[in-house]
*Asks:* 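Structure in structure tokens, see below.
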Amino acid sequence: MPDRGTWENFFDPHRVIMTLGINGQTRDVVEFGCGYGTFTLAAAKIIRGQIYALDIEPEMIRITDQEAKKQGIHNVRVLLRDFMAEGSGLPDARVDYVMLFNILHLEDPLVLLKEAKRVLKPDGKLGIIHWNYDPSTPRGPSIDIRPKPEDCIRWAESAGFVSPELYDLKPYHYGIVLTCKREK
């Protein structure tokens, strides 16, 4: 991760989450890999319920929790967790929206996508953000492991998500929103 100031200058978090369908009608949300809480805190300010901010790094959890308290935001629940190895720890069908922002360059993205589906309510939304597949972007994972939008869509569809909508989140990112479908 770059330093916090550099990281937060890459985004307009409020615009990004609104573009990807998080709004005042959204109830409960989980962000896998919350980092500095950039998107967690923006979402917490507008949703009606709780946001669960998960990260494997104690420092990221500390920063997110501290910033939520500093801003007087009371609906953020930080969870220090290796969600790739242990899952999220959340109950089945618990949340309305899952945020997978700048994280699907993992070794096995299907593990995370299946956990996202498990915790989503039927017809819940999955939001994905990632760095454009362009070596001229100023940060981001190595181009060798950076997924293209079509990779993310293919993985999500194989995990049971449908109806992908692709967004250009200029200048350096793309976003995708998909819907969780469950068999009846």
Side-chain angles (χ1 to χ4, degrees), residues 1 16-17 19-23 25-35 37-40 42-44 47 49-58 60-61 64 75-133 140-167 169 173-184:
M1 288 282 288
V16 168
I17 62 170
T19 298
L20 297 182
I22 297 173
N23 57 48
Q25 300 305 307
T26 309
R27 184 146 179 83
D28 296 314
V29 174
V30 61
E31 182 174 20
F32 288 90
C34 66
T38 305
F39 295 102
T40 296
I47 65 170
Q50 300 292 315
I51 184 161
Y52 301 92
L54 283 69
D55 210 293
I56 193 171
E57 297 293 334
M60 298 295 107
I61 291 296
T64 300
N75 61 341
V76 175
R77 301 290 171 259
V78 294
L79 300 168
L80 178 64
R81 192 154 183 100
D82 181 352
F83 48 79
M84 290 301 293
E86 304 167 359
S88 66
L90 296 173
D92 291 354
R94 174 66 181 94
V95 299
D96 302 296
Y97 199 105
V98 170
M99 297 162 48
L100 299 181
F101 291 2
N102 296 305
I103 196 167
L104 285 182
H105 53 279
L106 301 161
E107 187 172 318
D108 189 356
L110 275 177
V111 170
L112 185 52
L113 287 160
K114 287 176 182 176
E115 178 63 4
K117 184 177 182 199
R118 186 189 69 76
V119 301
L120 270 169
K121 295 175 183 175
D123 296 319
K125 300 295 182 184
L126 168 66
I128 296 170
I129 293 175
H130 221 297
W131 293 88
N132 288 329
Y133 192 79
S142 162
I143 203 77
D144 298 338
I145 63 169
R146 192 180 303 190
K148 297 175 184 171
E150 56 268 27
D151 296 329
C152 293
I153 290 170
R154 186 179 70 252
W155 297 330
E157 287 176 338
S158 71
F161 292 92
V162 297
S163 305
E165 297 175 36
L166 184 61
Y167 299 89
L169 303 175
H173 293 81
Y174 61 86
I176 306 166
V177 177
L178 297 104
T179 301
C180 177
K181 283 296 177 196
R182 301 210 186 269
E183 285 116 36
K184 301 200 182 205

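Below, all heavy atoms of this structure are taken into account, side chains as well, without hydrogens, waters or symmetry copies.
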*Asks:* Contact between Ile176 and Tyr167 at the side-chain level, heavy atoms closer than 4.5 Å - yes or no?
*Replies:* no
*Asks:* With the side chain counted from C-beta on, respond yes when Asn102 and Trp131 share a heavy-atom pair under 4.5 Å apart, and no when they do not.
*Replies:*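 Yes. Closest side-chain heavy atoms under 4.5 Å.
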*Asks:* Does the pair Val29 and Asp96 meet the rule for a side chain to side chain contact (heavy atoms under 4.5 Å, CB included), with working shown?
*Replies:* CA-CA 6 Å; Val29 174; Asp96 302 296; 5.9 Å; no
*Asks:* Atom CD of residue position Glu107 - does it have more than 12 heavy atoms of other residues, nucleotides or ligands inside 6.0 Å?
*Replies:*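 It does not: Glu107 CD has 12 such atoms or fewer within range.
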*Asks:* About how many Å separate CD of Glu57 and CG of Leu80, when rounded to the nearest 0.5 Å?
*Replies:*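 Rounded to the nearest 0.5 Å, the CG-CD separation comes out at 9.0 Å.
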*Asks:* Between Leu178 and Pro164, what is the shortest heavy-atom contact and its length?
*Replies:*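 What the structure gives for the nearest pair is CD2-CB, 3.7 Å.
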*Asks:* For Thr64 versus Gly37, what's the shortest heavy-atom pair and its separation?
*Replies:*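 Looking at all heavy atoms of both residues, the shortest contact is OG1-N, 3.2 Å.
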*Asks:* Could you state the interatomic distance from CG (Leu54) to CZ (Arg77), rounded to the nearest 0.5 Å?
*Replies:* 13.0 Å
*Asks:* Start with the C-alpha gap between His173 and His130, add the side-chain angles, then the distance that decides, and say whether side-chain hydrogen bond (donor to acceptor under 3.5 Å, both in side chains) holds.
*Replies:* CA-CA 5 Å; His173 293 81; His130 221 297; over 6 Å; no
*Asks:* So which heavy atom on Phe32 is nearest to which on Ser88, and how close?
*Replies:*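 Between these two residues, the closest heavy atoms are CE2-CB, 3.7 Å.
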*Asks:* Are side-chain heavy atoms of Ile51 and Asp28 found at a separation under 4.5 Å?
*Replies:*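 Side chain of Ile51 against side chain of Asp28, heavy atoms only: no contact under 4.5 Å found.
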*Asks:* Can you see which heavy atom on Ile56 is nearest to which on Pro58, and at what distance?
*Replies:* O-CD, 3.4 Å
*Asks:* Does Ile47 reach the side chain of Gln25, with side-chain heavy atoms less than 4.5 Å apart?
*Replies:* no
*Asks:* Measure the spacing between CD of Glu157 and CG of Leu113 and express it to the nearest 0.5 Å.
*Replies:*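 Answer for the CD-CG pair, Glu157 versus Leu113, is 11.0 Å.
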*Asks:* Mind listing the closest non-hydrogen atom pair of Ile22 and Thr26 along with its distance?
*Replies:* CA-OG1, 3.6 Å
*Asks:* Test side-chain hydrogen bond (donor to acceptor under 3.5 Å, both in side chains) on Gln50 and Tyr52; report intermediate values, then the result.
*Replies:* CA-CA 6 Å; Gln50 300 292 315; Tyr52 301 92; 5.5 Å; no
*Asks:* Does the pair Phe83 and Glu115 meet the rule for a side chain to side chain contact (heavy atoms under 4.5 Å, CB included), with working shown?
*Replies:* CA-CA 9 Å; Phe83 48 79; Glu115 178 63 4; 5.8 Å; no
*Asks:* Counting distance only, does the side-chain N/O of Asp55 pair as donor-acceptor with the main-chain N or O of Ile61 below 3.5 Å?
*Replies:*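 Flag not set: sc Asp55 to bb Ile61 has no pair under 3.5 Å.
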*Asks:* Under a 4.0 Å N-O cut-off, is there an ion pair linking Asp123 with Lys181?
*Replies:*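 Judged by the 4.0 Å cut-off on N to carboxylate O distance, Asp123 and Lys181 do form a salt bridge.
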*Asks:* Could you walk me through whether Ile129 and Val16 pass the side chain to side chain contact (heavy atoms under 4.5 Å, CB included) check?
*Replies:* CA-CA 9 Å; Ile129 293 175; Val16 168; 3.2 Å; yes
*Asks:* Examine Lys125 relative to Tyr97 and say whether NZ or CZ is less than 6.0 Å from the centre of the six-membered ring and inside a 45° cone about the ring axis.
*Replies:*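 The answer is no; the distance or angle limit is not met.
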*Asks:* Can you tell me how far CG of Leu104 sits from SG of Cys152, rounded to the nearest 0.5 angstrom?
*Replies:* 5.0 Å
*Asks:* If you define the side chain from C-beta out and look only at heavy atoms, does anything of Pro109 sit under 4.5 Å from Asp151?
*Replies:*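 No, side chains not in contact.
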*Asks:* So, for Gly33 and Ile103, which heavy atoms are closest and what is the spacing to 0.1 Å?
*Replies:*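 Shortest heavy-atom contact: CA-CD1, 4.0 Å.
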*Asks:* Any heavy-atom pair between the side chains of Thr40 and Phe101 that's under 4.5 Å?
*Replies:*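 SC-SC contact between Phe101 and Thr40 ruled out.
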*Asks:* Measuring from Leu90:CG to Arg81:CZ, what's the distance to the nearest 0.5 Å?
*Replies:* 8.0 Å
*Asks:* So how far is it from Leu20 CG to Glu165 CD, rounded to the nearest 0.5 Å?
*Replies:* 10.0 Å
*Asks:* Under 4.5 Å between any side-chain heavy atoms of Thr179 and Phe161, yes or no?
*Replies:* no
*Asks:* Hey, which of Arg118, Lys117, Lys121 is the one that makes side chain to side chain donor-acceptor pair (under 3.5 Å) with Asp92?
*Replies:* Arg118
*Asks:* For residues Ser158 and Leu110, determine if any side-chain heavy atom of one lies less than 4.5 Å from a side-chain heavy atom of the other.
*Replies:*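 Answer yes - side chains close enough.
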